[in-house]
Each structure stands twice: as structure tokens, then as C-alpha cells.
There are 2 protein chains.
Amino acid sequence: MVQSRDAERTRSELLEVATEVFSEQGYSGARVDEIAERTRTTKRMIYYYFGGKEGLFLAVLEAAYRRIRELEQSLHAGDLEPVDAIRRIAELTFDHHVNHPDFIRLVSVENIHRGRHMEKVESLRELGAPAASVLDEVLARGRASGELRADVDAVDVHMMISAYCVFQVANSATFGFLFGRDMLAPEVRERHRRILGDIVVGWLTAR
Amino acid sequence: MVQSRDAERTRSELLEVATEVFSEQGYSGARVDEIAERTRTTKRMIYYYFGGKEGLFLAVLEAAYRRIRELEQSLHAGDLEPVDAIRRIAELTFDHHVNHPDFIRLVSVENIHRGRHMEKVESLRELGAPAASVLDEVLARGRASGELRADVDAVDVHMMISAYCVFQVANSATFGFLFGRDMLAPEVRERHRRILGDIVVGWLTAR
DNA sequence: TGGCTAATGTACGAAACGGTACATACATTG
DNA sequence: CAATGTATGTACCGTTTCGTACATTAGCCA
């Protein structure tokens, strides 16, 4: 297999495939040989670029988390009235989760290992802040105008939204099985999306 | 190690330890040797009683899911007014999840493997029904009395409650890390518990 | 009490798996 | 165009890990 050299392509291809394999099989279940086989390069390159299996997983985790920034950047909450902004944030978060199932599954994998890996990646330490501060700003405006209740904080709201969105993706297999419901079906998704908006807005506008 | 024989004890001890190890390390991460070492018996017994690693995992999964029945049995929703019953169900579900983190983690593990294992256990097929029917009954009463809205179905309500409760346990590592919040702290738990009740009741009583 | 079966223990094998030593080819640059 | 470092490929090693063949013991029942 003679092939023109392209360090960047090799690196990113490994990351891409590794994201898939780790999210499908978990950390221990993922096989270094399998990841390599699914790319156009060899196992040797995993050790060359990432130092080993764990280094590769760390890189995958970091790249995945970094992609969340897209989310905060894509919503210009400041342009909207507080109530509309809240619904918008909820719906955008929902869409983001649905569109990045691999990421959500990686988070599950990392939680099973009690966050042992992510603690080693310093750059992930303050990745939560943006999401919280966007919500915080909206809550402050709503509080000032009297449209939103004053006794909840941004992180609690974010948690509620995350919980609902993560569940859609992370637990679709078991929940779908136990209740005979296809969580991936478009019309089901659409209803869940609307319900989430209703719940959050209802909660925050109650007095 | 001479020891009086007790098939039942050996079996249940294996199940107990395996539950712990699988929920801590995931399916592939769990080591058959480690499970055996943590018991007073040997690896041989895993193959004698469960046929192998996968058989053991299936047994663990089944035993864990079966324990949920406790939940439906412990709440006598019929005794309560619809609104109170809803809050009660939410809080009891919350408590149950918090008190059985191993079970929640097992569900996560199973979801990573896309429910591949549980599909093999026929007895798990209709385990969701009780939870849905309890809610269904309460919703019907509330609908009749006009206290609860009529446009949501039991499974959607159950999903919302489950999502919130599962997240507390399953994602405490990553969420806690990203937002510098100890999800296990009693006062945090207590607030989340109250918030869940408020949200669900608010949602279902809105018109 | 002697025999029979369920239950348990020991020791080992084969394959899977993460990792590495070593050889080599490409491309950039002086 | 030679030289040098980056990038890649191959073949292999040592360990771990699931699983099993075989031996043995405990206790029940005739």
C-alpha cells in the first residue's frame, strides 16, 4: 500500500475512526487493531501520534468536547426575548445532542470510568463555563423584566436540559426496548423536542 | 480453603460482586478473574453456574432490572390525589435511582452495547409496563378531574422523570467535573429532588 | 456406612491484545 | 541532488484473559 504522505490526514482519520469505535464498544471494548484496520494507515501510527490507546482516547475526548463550542457560538441568545431565548437554547441543545450521538456515547463511556480520563486533559477543565454563562445572561434579563422566576440558577437549568437531551440519545436502546418505542423516529423526536421546550419555559415562567 | 458447600450462597455472591465489577468497569473492562477473586469461590464457578462471562452479565442485568419492581410496589399512588401522586412518583423515582447507582450504571453499560445483551433475556421484555400503567392511572384520574392536562401520555412523562433521575447518577462524573459541582452532596441532591417535583407538577398542571 | 452426584478447586492452554524494535520510503531544504 | 528528519510499514514479543480438562471433596440417601 504505497500512499502519499499526509500527516494531518492520517491523524484526523485515526481520530475519526477512533471516535466511532470507542463510542460503539467502550474504552476497554475498543481494539487498537480494529481502529487501525478501519483506517488507511496502520496501528503503528496510533503509537506515533498519540502514544498509545489511552492517549488516543484522550485526544478523541478532547476533540469531541471541543465541538460543543459550536453550540454556544451558533445561538445568539442576546437577540431574543428571555422566554424565546430559553426555548431556543433548549431546542438547539436538543438538536445538537441528536446530531452528535457519538459524542454523547463517549460521555457515557467516560462516566462509567468515573471521569478518570478527562481529569488528565487540562484543557477540558473550563469547558462548561460558556454554556452556563449564556444561560446566566438570559436568566438575568428575564429576572429583571419579571418574565422569568428568580429562584433558579443557570447550572440547574442547564442540567435539566442536558438530562433530557442526553437521555434521548444515551438511553434510547434500553428505553426503546422496555417501552417498545423507537426513540429515533422523526415524529417521536419532534414531539420530544417540543415537550422539552414546553417544560423548561413552563418551569421558568411559573411563579 | 475448605468450606461448607452452599450453592445458593455461591451463586448470589457471584451475582453481587459481578454487579459491582461490571458497573465499575463496563462489560469488556470487567475481568472474570477479578470477579472471582473478590468472592470466596473461584472462577470455575462462573462457568459452572452461568456458562461464561456473557451469561453472568445477563444474569446480573436481569437481577438488577427485576429489582425495579420494588419501586412500583412501594408507591400506592391510588391513595393520593393526582397532583400529589405525580410528585410522589417523581420523588420516589429520584430516591430509587440515587439509592441504586450500580443499576443505573449497568443500564449505561448496556446502552453502550446498544441493548445487545438484554434482547436475549426474554423475561425483560415487558418490564416497562408496570411503571407506565401506574402513571397512566394517575393521569387518567387527573384528566377526569381537570387537575392535569390531557395532551401528554404516560410514557412521555415517565421518560422525562427517568431522564432527570438517570442523569443525576449516570453523568455525575463529567457534569460534576465540567461545572465544579459535587452531584453527590446531600444538599445538592435535596434541591434537585425538589426541582424535579416542581417541574413535573408544573408541566402537568399547566393549561 | 458406602456409594453417588452436585459442587468446588487447580492447573493449564490458546487466542487476543497492547505495545515495540527495526527497516524503509517520502519530501523538504540547503 | 544529497542529506536529513518525518512519516510509515512489517514483523514480532510478552502478557493478559477467557475458557476448560481433570481431579477432588462434601453431603445426601439407600
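So you know, we letter chains A, B, ... as the sequences are listed, proteins then strands, and number each from 1.
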Peer 1: Report the residues that fulfil ring-ring contact (aromatic ring centres under 6.0 Å, His included) with A:His96, sequence neighbours left out, ordered by chain and then residue number.
Peer 2: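 Listed in chain order: A:His100.
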Peer 1: Test of understanding: with ring-ring contact (aromatic ring centres under 6.0 Å, His included), list the residues that count as partners of A:Tyr65, not counting sequence neighbours.
Peer 2: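 For A:Tyr65 the ring-ring contact (aromatic ring centres under 6.0 Å, His included) partners, ignoring immediate neighbours, are A:Phe103.
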Peer 1: Looking at B:Glu13 and B:Arg40, would you say the former's side chain and the latter's main chain have a donor-acceptor pair under 3.5 Å?
Peer 2: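 Flag set: sc B:Glu13 to bb B:Arg40 pair under 3.5 Å.
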Peer 1: Hey, could you give me each pair passing salt bridge (Lys or Arg N to Asp or Glu O under 4.0 Å) that has a residue in residues 159-183 of chain A? Not counting sequence neighbours.
Peer 2: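 Listed once each, the pairs are A:Arg181-B:Asp153, A:Arg181-B:Asp156.
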Peer 1: Could you note down all residue pairs passing salt bridge (Lys or Arg N to Asp or Glu O under 4.0 Å) where residues 85-102 of chain A supplies at least one of them, sequence neighbours left out?
Peer 2: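 As it turns out, the salt bridge (Lys or Arg N to Asp or Glu O under 4.0 Å) pairs with a partner in residues 85-102 of chain A, which skip direct neighbours, are A:Arg87-A:Asp198, A:Glu91-A:Arg193, A:Asp95-A:Arg193.
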Peer 1: Taking only residues two or more places apart in sequence or in another chain, which ones pass ring-ring contact (aromatic ring centres under 6.0 Å, His included) with B:Phe22?
Peer 2: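 Listed in chain order: B:Tyr27, B:Phe57.
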Peer 1: Distance check: side-chain N/O of B:Thr10 vs OP1/OP2 of C:dT8, anything under 4.0 Å?
Peer 2: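 B:Thr10 to C:dT8 OP1/OP2: side-chain N or O found under 4.0 Å.
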Peer 1: Take A:Glu110 and A:Leu106 through the side chain to side chain contact (heavy atoms under 4.5 Å, CB included) test and state the conclusion after the steps.
Peer 2: CA-CA 6 Å; A:Glu110 180 59 1; A:Leu106 278 176; over 6 Å; no
Peer 1: According to the side-chain hydrogen bond (donor to acceptor under 3.5 Å, both in side chains) rule, which pairs have a member within residues 42-53 of chain B, sequence neighbours left out?
Peer 2: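 Non-adjacent pairs meeting side-chain hydrogen bond (donor to acceptor under 3.5 Å, both in side chains): B:Asp33-B:Lys43.
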Peer 1: Could you state the atom-to-atom distance from CG of B:Asp6 to P of C:dT8 in whole Å?
Peer 2: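 Atom CG in B:Asp6 sits about 8 Å away from atom P in C:dT8.
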Peer 1: Per the salt bridge (Lys or Arg N to Asp or Glu O under 4.0 Å) rule, what does the pair list look like for residues 160-180 of chain B, sequence neighbours excluded?
Peer 2: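 Applying salt bridge (Lys or Arg N to Asp or Glu O under 4.0 Å) to every pair that reaches into residues 160-180 of chain B, excluding sequence neighbours, yields nothing.
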Peer 1: So if I take residues 28-38 of chain B and measure heavy-atom distances to DNA chain D, which residues fall below 4.0 Å?
Peer 2: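 Heavy-atom cutoff 4.0 Å gives B:Ala30, B:Arg31, B:Val32, B:Asp33.
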Peer 1: Of the residues in residues 47-62 of chain B, which ones touch DNA chain C at a heavy-atom distance under 4.0 Å?
Peer 2: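 B:Tyr48, B:Tyr49 - these, ordered by number, are the residues of the stretch whose heavy atoms sit under 4.0 Å from the strand.
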Peer 1: For B:Asp136, enumerate each residue passing the salt bridge (charged side-chain N to carboxylate O under 4.0 Å, His left out) test, keeping only those at least two apart in sequence or located in another chain.
Peer 2: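 Listed in chain order: nothing, the list is empty.
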Peer 1: Does the side chain of A:Thr41 pick up a donor-acceptor pair with the side chain of A:Arg9 at under 3.5 Å?
Peer 2: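 The answer is no; no qualifying pair exists.
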Peer 1: In whole Å, I'd like the distance from the CZ atom of B:Arg44 to the P atom of D:dT17.
Peer 2: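 That distance rounds to 21 Å.
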Peer 1: If we fit an axis to the first five pairs and another to the last five of the helix from C:dT1-D:dA30 to C:dG30-D:dC1, what angle do they make, to the nearest 10°?
Peer 2: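 One end's axis against the other's: 0°.
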Peer 1: Checking B:His192 against B:Gln168: is there a side-chain donor and acceptor pair closer than 3.5 Å?
Peer 2: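 Yes, because at least one side-chain N or O of B:Gln168 sits under 3.5 Å from a partner of the opposite role on B:His192.
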Peer 1: Between atom CD in A:Glu8 and atom P in D:dA7, what is the gap in whole Å?
Peer 2: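 A:Glu8 atom CD is separated from D:dA7 atom P by 10 Å.
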Peer 1: In whole Å, what is the span from the CE atom of A:Met45 to the P atom of C:dG19?
Peer 2: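 To the nearest whole Å, that distance equals 15 Å.
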Peer 1: To the nearest Å, how far apart are A:Glu13 CD and D:dA7 C1'?
Peer 2: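 So the two atoms are 15 Å apart, to the nearest Å.
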Peer 1: Any side-chain to backbone donor/acceptor pair from A:Arg189 onto A:Met183? Under 3.5 Å, distance only.
Peer 2: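 Yes, because the side chain of A:Arg189 sits within donor-acceptor range (under 3.5 Å) of the backbone of A:Met183.
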Peer 1: Indicate whether OP1 or OP2 belonging to D:dG9 is found under 4.0 Å from a side-chain N or O atom of A:Thr42.
Peer 2: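 Yes.
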Peer 1: At a cut-off of 3.5 Å, list every protein nitrogen or oxygen paired with a nitrogen or oxygen from nucleotides 11-14 of chain C, distance to 0.1 Å.
Peer 2:
none

